[in-house]
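Some notes on the structure that comes next.
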Amino acid sequence: MSARRLFFLLPFFLVAPLCLAEPIQARNDPVRIETVKGVSSNTLMATNTSRMPVTVTLQLSNFSNLTSSKPWPIQAQMAGGQTMELVEIAAANRQFGYTMDYRSYIVQGDPRARHDASISYQIPFVASQGFQVLQAADGPQFTHHTVATRYAVDIEMPMGTIVVAARAGQVVEVVSQFADDGRAEPAYMDLANYVRILHDDGSWADYFHLMQNSAHVQPGMRVEPGQVLALSGNSGYSATPHLHFHVQVNQNGTVISLPFHFINSHDGIFTPRYQSWLIPDTPNLNASKAKAKKAARECLPAGKALNDLAIRCLSSS
């Protein structure tokens with residue numbers, strides 16, 4: 001949410017020209033809202049700078065001598081990268097200027113989306129062993145206290161484990177610059193590396209706490225199940241190296257997490273449970289964590305980016 005104040009002053013001898021102060025854009029807003037000056041009115045234009053669909057709502061909080069082309073609040077659905085006109089505004093009495101205060105609310109996702117509950121998700125990592133679920137919907141909720149994380153799972157795994165797409169979709173966000181020095185402290189909440197994939201039904205999946213500079217995909221890429229995304233790490237709000245995975249959707253203007261199920265040849269279709277083990281469809285399940293850590297060090301030296309050669313090395317370790 002961000003707040004903006006617009007002040008338009010007409011010189012006493014002029015009717016049409018408008019002198020305006022540009023609104024201040026809130027930091028990290030995925031939508032940029034600008035005022036385009038016209039002859040006798042102004043237009044609020046919005047640009048979705050992200051690849052995610054979003055819902056934009058403008059809530060008018062205070063105004064004087066204002067007329068508008070649309071009733072407030074203003075709400076619009078925007079596709080990724082789209083620019084559109086939100087509303088045209090002008091002085092009700094053209095002999096005077098006008099003022100207005102409004103707040104903008106941005107919610108990612110399309111509220112018209114309907115998650116396909118029949119979809120089975122692939123185990124989101126490749127390893128020669130299974131890893132345990134540290135947090136799930138049926139167990140103690142240590143950090144997943146909101147509707148946006150209710151059905152998320154935390155999967156314990158050593159740093160350097162290959163993380164793969166659990167479902168096909170388009171990569172819409174990649175964050176990879178943060179160090180793997182995670183701590184369970186509020187200051188680390190926004191310091192996690194992650195990949196976000198938008199599915200064909202409008203839902204999306206997030207893969208969090210990835211290793212620094214290990215992303216193997218870029219925004220705009222289409223990925224298929226099992227395609228390498230990055231390596232697991234320990235970035236952001238994290239007490240121990242793990243992968244946080246969830247599926248989300250915009251439901252009536254609120255981002256919520258959704259229940260989902262995995263599939264593998266060992267268990268068939270199943271819902272992840274607290275303290276259960278996730279076993280990927282890979283051989284040699286007796287490999288130790290120490291071996292996995294050694295493979296990560298040998299295949300991906302510090303500061304090196306994940307590439308095809310490193311993936312082949314890790315897969316064969």
Side-chain angles (χ1 to χ4, degrees), residues 108-109 115 117 119-127 129-167 175 178-197 199 203-211 229-252 254-264 266-280 285 287-290 292-293:
Q108 69 179 11
H115 177 244
I119 293 291
S120 296
Y121 290 77
Q122 181 173 317
I123 304 297
F125 60 87
V126 174
Q129 65 181 106
F131 296 129
Q132 193 171 31
V133 176
L134 299 176
Q135 190 172 189
D138 66 322
Q141 295 294 304
F142 306 110
T143 56
H144 301 167
H145 303 300
T146 69
V147 294
T149 57
R150 176 70 179 88
Y151 294 100
V153 292
D154 286 343
I155 309 166
E156 183 180 26
M157 63 181 63
M159 291 177 58
T161 303
I162 297 176
V163 176
V164 299
R167 181 182 171 185
V175 173
F178 297 117
D180 292 284
D181 58 354
R183 297 182 185 179
E185 299 177 6
Y188 285 75
M189 287 296 293
D190 296 326
L191 302 180
N193 301 315
Y194 66 92
V195 170
R196 176 164 294 152
I197 296 178
H199 306 138
S203 66
W204 63 92
D206 288 338
Y207 305 72
F208 268 87
H209 308 296
L210 303 175
M211 181 181 287
L229 302 180
L231 300 181
S232 67
N234 192 39
S235 57
Y237 192 92
S238 174
T240 188
H242 72 283
L243 174 67
H244 173 108
F245 175 83
H246 61 221
V247 178
Q248 294 179 322
V249 72
N250 178 334
Q251 185 179 82
N252 300 321
T254 299
V255 174
I256 66 168
S257 65
L258 298 171
F260 61 91
H261 45 262
F262 284 129
I263 186 171
N264 65 8
H266 183 270
D267 302 290
I269 298 174
F270 65 98
T271 300
R273 305 291 185 186
Y274 172 59
Q275 292 187 331
S276 65
W277 289 79
L278 300 183
I279 301 174
L285 296 180
S288 65
K289 290 184 179 181
K293 291 180 180 178

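Values below: every heavy atom of this structure, side chains too, minus hydrogens, waters and symmetry copies.
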Next on the checklist: I'd like to know if the side chain of Gln248 and the backbone of Ala148 have a donor-acceptor N/O pair within less than 3.5 Å.
Outcome noted: yes
Checklist entry - Just wondering, do Arg167 and Ser203 contact through their side chains at under 4.5 Å, heavy atoms? => result yes
Next on the checklist: Before you tell me yes or no, could you show the steps for Tyr194 and Tyr207 under ring-ring contact (aromatic ring centres under 6.0 Å, His included), namely the whole-Å CA-CA distance, both residues' side-chain angles and the distance that decides it to 0.1 Å?
Outcome noted: CA-CA 5 Å; Tyr194 66 92; Tyr207 305 72; over 10 Å; no
Checklist entry - Under the side-chain contact (heavy atoms from CB on, under 4.5 Å) criterion, do Gln275 and Gln132 qualify, and how do the steps go? => result CA-CA 6 Å; Gln275 292 187 331; Gln132 193 171 31; 3.6 Å; yes
Checklist entry - Is the distance between the ring centroids of Phe262 and Tyr121 less than 6.0 Å? => result no
Next on the checklist: Is it the case that the side chains of Gln135 and Thr143 hold a donor-acceptor pair, with the cut-off being a distance below 3.5 Å and no angle test?
Outcome noted: yes
Next on the checklist: Just so I know, are the side chains of Ser232 and Val163 near enough to count as touching, which here means a heavy-atom distance under 4.5 Å?
Outcome noted: yes
Item to check | Test item: Val147 and Thr254 side chains (from C-beta on) under 4.5 Å apart, heavy atoms | outcome: yes
Item to check | Rounded distance (nearest 0.5 Å) linking atom CD1 of Ile123 with atom NE2 of His266 | outcome: 11.0 Å
Checklist entry - Should Thr161 and Leu231 be marked as a side-chain contact (heavy atoms from CB on, under 4.5 Å) after you check the CA-CA gap, both sets of side-chain angles, and the distance that decides it? => result CA-CA 5 Å; Thr161 303; Leu231 300 181; over 6 Å; no
Item to check | Gln108 versus Arg196, side-chain donor and acceptor atoms under 3.5 Å | outcome: yes
Checklist entry - Would you call the rings of Phe125 and Phe131 parallel, tilted or perpendicular if under 30° counts as parallel and over 60° as perpendicular? => result tilted
Item to check | Contact check, side chains of His199 and Ile197, non-hydrogen atoms, under 4.5 Å | outcome: yes
Next on the checklist: Using a 3.5 Å distance criterion without hydrogens, assess whether the side chain of Ser276 forms a donor-acceptor pair with backbone atoms of Val133.
Outcome noted: no
Checklist entry - Could you state the interatomic distance from OH (Tyr237) to CZ (Arg183), rounded to the nearest 0.5 Å? => result 13.0 Å
Next on the checklist: A side-chain contact here means heavy atoms from C-beta on lying under 4.5 Å apart; do Thr271 and Asp138 qualify?
Outcome noted: no
Checklist entry - Sub-3.5 Å donor-acceptor pair from the side chain of Asn250 to the main-chain atoms of Val255, do we have one? => result no
Item to check | Output field: ring centroids Phe245/Tyr151 closer than 6.0 Å | outcome: no
Checklist entry - Any side-chain heavy atom of His209 within less than 4.5 Å of one from Leu243? => result no
Next on the checklist: Counting neighbours of CG on Asp190 that are heavy atoms of other residues, nucleotides or ligands and sit closer than 6.0 Å, is the number greater than 12?
Outcome noted: no
Checklist entry - Do Leu278 and Phe270 touch side chain to side chain, with heavy atoms closer than 4.5 Å? => result yes
Checklist entry - Any sub-3.5 Å donor-acceptor pair from Ser235's side-chain atoms to Gly182's backbone N or O? => result no
Item to check | Nearest-0.5 Å distance that lies between atom NE2 in His242 and atom OG1 in Thr240 | outcome: 8.5 Å
Next on the checklist: With a 4.5 Å cut-off on side-chain heavy atoms, are Val153 and Phe260 touching?
Outcome noted: yes
Item to check | Pair His244-Ser238, side-chain contact (heavy atoms from CB on, under 4.5 Å): steps then yes or no | outcome: CA-CA 10 Å; His244 173 108; Ser238 174; over 6 Å; no
Next on the checklist: Parallel, tilted or perpendicular, judged at 30° and 60°: which one describes the rings of Phe208 and His246?
Outcome noted: tilted
Checklist outcome for this item: CD of Gln141 to OH of Tyr274, rounded to nearest 0.5 Å, is 10.5 Å
Checklist entry - Where is the tightest heavy-atom contact between Pro280 and Ala127, given as atom of each residue plus distance? => result CG-O, 3.6 Å
Checklist entry - Looking just at side-chain N and O atoms, do His145 and Thr149 make a donor-acceptor pair shorter than 3.5 Å? => result no
Checklist entry - Closest heavy-atom contact between His261 and Ser120? => result CD2-OG, 3.2 Å
Checklist outcome for this item: Interatomic distance, OG@Ser257 vs NE2@His144, rounded to 0.5 Å, equals 9.0 Å
Checklist entry - For Asn234, does its backbone N or O pair with a side-chain atom of Asp180 as donor and acceptor, under 3.5 Å? => result yes
Item to check | Audit row: Val164, Gln122, side-chain contact (heavy atoms from CB on, under 4.5 Å) steps and yes/no | outcome: CA-CA 9 Å; Val164 299; Gln122 181 173 317; 3.9 Å; yes
